[in-house]
Amino acid sequence: MADIRDILDIERVPSTEGLRDSILGISDKTKLKKNVPSNVSKPPKRPEGMARELYALLCVDRKDAPPLLPTDTGIGYKHEKAKLGMRKVRPWKWMAFTNPARKDSSVFYHWRRVADEGKEYPFAQFNKSIDILEYTDAEYSQYLKSDDWTREETDHLFDLCQRFDMRFIVIQDRYDSSKFKKRDVEDLKERYYFVSNTLKRIRHTGNTHYHEPKAYDAEHEKRRKEQLNRLFSRTPEQIEEEQSLTQELRKIEARKKEREKKAQDLQKLITGSESPAEPRKQEKRPAQRKRFQSQIKMKVDPNVSEVIGIKFPDHKASGAATRTSRMRLPANVGQKKTKIIEQKLKELNIELNPIPTEEVCTLFNELRSDIVVLNEIKNALSTCMFEIQTFKHQYEAYKPEQTLEIPDIISKHQNELMDVDKN
């Protein structure tokens, strides 16, 4: 209310809380004068014609110093100072530590809380390394020999893969071209995946878990990169020519569709004029037959919907595309199914947005589709069980002396479905 009175230039009315001050004749201005120290100068008067909000941005009461720490109290342009606690701070100590991710046993020093003394260096958990397969002399001589690659060059490639975690761009940059033949990134990848897939295949037994080999086509990758370079190196004239050709193609397709439609209409007129007029009863029969067939379908399966998983669209458009776009749920998947998928993924301790590699994209989409299918099957089974129980009660009410027994195979399928849902 005080702000509204200031905006409308209305005198302030003393409240009941300040009744003592109003009786004694103590005004707000005199209280401010008493509280303000003598060494603090008066704030400058607001110029005429300047808005009060603008003046508050330019001038702060008593000209307080800015806060020591940034605060975000949500008040607006006026921020309170940070309130520092008065409790005793936790002691820190300059102590030595070793990084388990390093293999040279180097000792470093840093400030650390005394309570954390003796604990493992926390950033060591982010040191993730890739397990690179190693081969023996017998395996190389029997399975891995190549006319284009020597044993020493293959050892150099696998050593770089171990050092740089299969970052083939870096590996190709650090490759010893002076000692060995100069290789492209595609050649290095092709050799690595050939050796890895061969070792996995010869070492696979019935007791070990076997991963499917990762196929890599170096020639296809070279052609793909060459096409991308051509796409990105187009001149503005070539882009305009392509757009004009695309528009012309659309016009041709539209004219083609129009001609086909006219030809179909003409064919209908010709066939209609040649065929004799049929009686009205025969015209009604197909419609009655269709209606009867639809009624039969509704009677056979009225509540159980068709079990279909998620159909992810195939991205076959020209140009580059990210793998994350393949993992997006289609627009026809409702909010209820989305919540069911997220809840099931949390129960399985699976991330909602995993790293979109080729294998992860395929398996992740299949898993979500299977979750939807399983949920629809479970709902359909619950509906059938409810109808069976309803028919059982109706039968027993009609014939009290008899009991309708439900086959064991139905309850067996229900229990199996529940076990699948839990697992």
For this session: Heavy atoms only: give me the nearest Lys128-Asp165 pair and the separation to one decimal.
Result: O-OD2, 3.9 Å

For this session: Could you tell me whether the side chain of Ile171 reaches within less than 4.5 Å of the side chain of Tyr192, counting heavy atoms only?
Result: no

Exercise. Does the distance from a Lys or Arg side-chain N to an Asp or Glu carboxylate O, for Glu258 and Lys261, drop under 4.0 Å?
Worked result: no

For this session: With side-chain contact (heavy atoms from CB on, under 4.5 Å) as the test, would you mind laying out the steps for Lys200 and Leu133 before giving the verdict?
Result: CA-CA 9 Å; Lys200 289 178 182 178; Leu133 295 177; 4.0 Å; yes

Problem set entry | Ala101 to Ala124 - nearest heavy-atom pair and separation | N-CB, 4.5 Å

For this session: For the pair Tyr140 (side chain) and Arg151 (backbone), establish whether a donor and an acceptor sit closer than 3.5 Å, ignoring hydrogens and angles.
Result: yes

For this session: Carefully, step by step, assess Lys189 and Glu186 under the rule salt bridge (Lys or Arg N to Asp or Glu O under 4.0 Å).
Result: CA-CA 5 Å; Lys189 284 185 177 181; Glu186 291 78 18; over 6 Å; no

Exercise. Is the closest side-chain donor-acceptor distance between Asp104 and Ser106 under 3.5 Å?
Worked result: yes

Exercise. Is the backbone of Pro122 close enough, under 3.5 Å, to the side chain of Gln125 for a donor and an acceptor to pair up by distance?
Worked result: yes

Seminar exercise, completed: Val360 and Ile355 have their tightest heavy-atom pair at CG1-O, 3.2 Å

Exercise. When you look at Lys344 and Leu367, which way does the side-chain contact (heavy atoms from CB on, under 4.5 Å) test go after all the steps?
Worked result: CA-CA 10 Å; Lys344 197 63 181 178; Leu367 174 62; over 6 Å; no

Problem set entry | Electrostatic pair Lys181:Asp148 at N-O distance under 4.0 angstrom | yes

Exercise. Can you name the residues that form a side-chain hydrogen bond (donor to acceptor under 3.5 Å, both in side chains) with Asn375, not counting sequence neighbours?
Worked result: none

Exercise. What distance do Glu347 atom CD and Asn349 atom CG have between them, rounded to the nearest 0.5 Å?
Worked result: 9.5 Å

Problem set entry | pair Arg167-Arg174: side-chain heavy atoms closer than 4.5 Å | no

Problem set entry | Side-chain heavy atoms of Leu231 within contact of Gln227, under 4.5 Å | no

For this session: I would like to know whether Glu134 and Gln162 meet side-chain contact (heavy atoms from CB on, under 4.5 Å); could you show each step before the answer?
Result: CA-CA 10 Å; Glu134 297 180 358; Gln162 182 67 46; 5.8 Å; no

Problem set entry | Pairwise side-chain hydrogen bond (donor to acceptor under 3.5 Å, both in side chains) hits with a residue in residues 241-252, at least two apart | Arg234-Glu242

Problem set entry | Spatial distance of atom CG (Asp370) from atom CG (Asn365) [nearest 0.5 Å] | 11.0 Å

Exercise. Hey, what do you get for CG (Leu348) to CD1 (Ile371), rounding to the nearest 0.5 Å?
Worked result: 6.0 Å

Exercise. Salt bridge or not for Glu153 and Arg183, using N-O below 4.0 Å?
Worked result: yes

For this session: Could I get the full list of ring-ring contact (aromatic ring centres under 6.0 Å, His included) partners for His110, not counting sequence neighbours?
Result: Phe97

Exercise. In this structure, are over 12 heavy atoms from other groups packed under 6.0 Å from Glu260 atom CD?
Worked result: yes

Problem set entry | By ring-ring contact (aromatic ring centres under 6.0 Å, His included) - contacts of Phe364 (at least two apart) | none

For this session: Check whether more than 12 heavy atoms from other residues, nucleotides or ligands sit under 6.0 Å from atom CD of Glu120, and answer yes or no.
Result: no

Exercise. Is a donor on one side and an acceptor on the other found under 3.5 Å between the side chain of Thr198 and the backbone of Phe194?
Worked result: yes

For this session: Go through the steps for Arg102 and Phe108 under the test side-chain contact (heavy atoms from CB on, under 4.5 Å), then give the verdict.
Result: CA-CA 11 Å; Arg102 297 176 64 99; Phe108 305 95; 3.8 Å; yes

Exercise. Are Leu199 and Ser196 close enough that some pair of their side-chain heavy atoms sits under 4.5 Å apart?
Worked result: no

Exercise. Under 30°, 30 to 60°, or over 60°: which ring-plane class applies to Trp94 and Tyr109, parallel, tilted or perpendicular?
Worked result: parallel

Exercise. Do Phe158 and Val195 have side-chain heavy atoms sitting under 4.5 Å apart?
Worked result: yes

Seminar exercise, completed: So CZ of Phe123 and CG of Asn99: to nearest 0.5 Å the spacing works out to 10.5 Å

Exercise. So, Asn127 and Ser129: side-chain donor and acceptor under 3.5 Å apart, yes or no?
Worked result: no

For this session: Determine whether Lys262 and Arg259 make a side-chain contact, defined as any pair of heavy atoms from C-beta on separated by less than 4.5 Å.
Result: no

Exercise. Is the number of heavy atoms from other residues, nucleotides or ligands within 6.0 Å of CG (Leu352) greater than 12?
Worked result: yes

Problem set entry | Set of side-chain contact (heavy atoms from CB on, under 4.5 Å) partners for Leu249, sequence neighbours left out | Glu253

Problem set entry | Residue pairs, two or more places apart or on separate chains, that pass salt bridge (charged side-chain N to carboxylate O under 4.0 Å, His left out) and touch residues 91-100 | Lys93-Glu117

Exercise. Got Ile310 and Leu329 here, is their nearest side-chain heavy-atom distance under 4.5 Å?
Worked result: yes

Problem set entry | Ion pair Asp187/Lys182, N-O distance below 4.0 Å | no

Problem set entry | Side-chain donor/acceptor of Thr98 to backbone N/O of Val107, under 3.5 Å | no

Problem set entry | Reported OH-to-CZ distance for the pair Tyr135 and Arg203, which is rounded to 0.5 angstrom | 11.0 Å

Problem set entry | Lys222, NZ atom: more than 12 neighbouring heavy atoms under 6.0 Å | yes

Problem set entry | Phe386 atom CZ: more than 12 heavy-atom contacts under 6.0 Å | no

Exercise. Knowing that exactly one of Arg230, Arg224, Arg223 qualifies, which makes a salt bridge (Lys or Arg N to Asp or Glu O under 4.0 Å) with Glu226?
Worked result: Arg230

Exercise. How far apart are the closest heavy atoms of Leu157 and Arg191, and which atoms are they?
Worked result: CD2-CG, 3.8 Å

Problem set entry | Inter-residue atom distance Asp159.CG - Thr154.OG1, 0.5 Å rounding | 12.5 Å

Problem set entry | 4.5 Å side-chain heavy-atom contact, Val185 and Glu221 | no

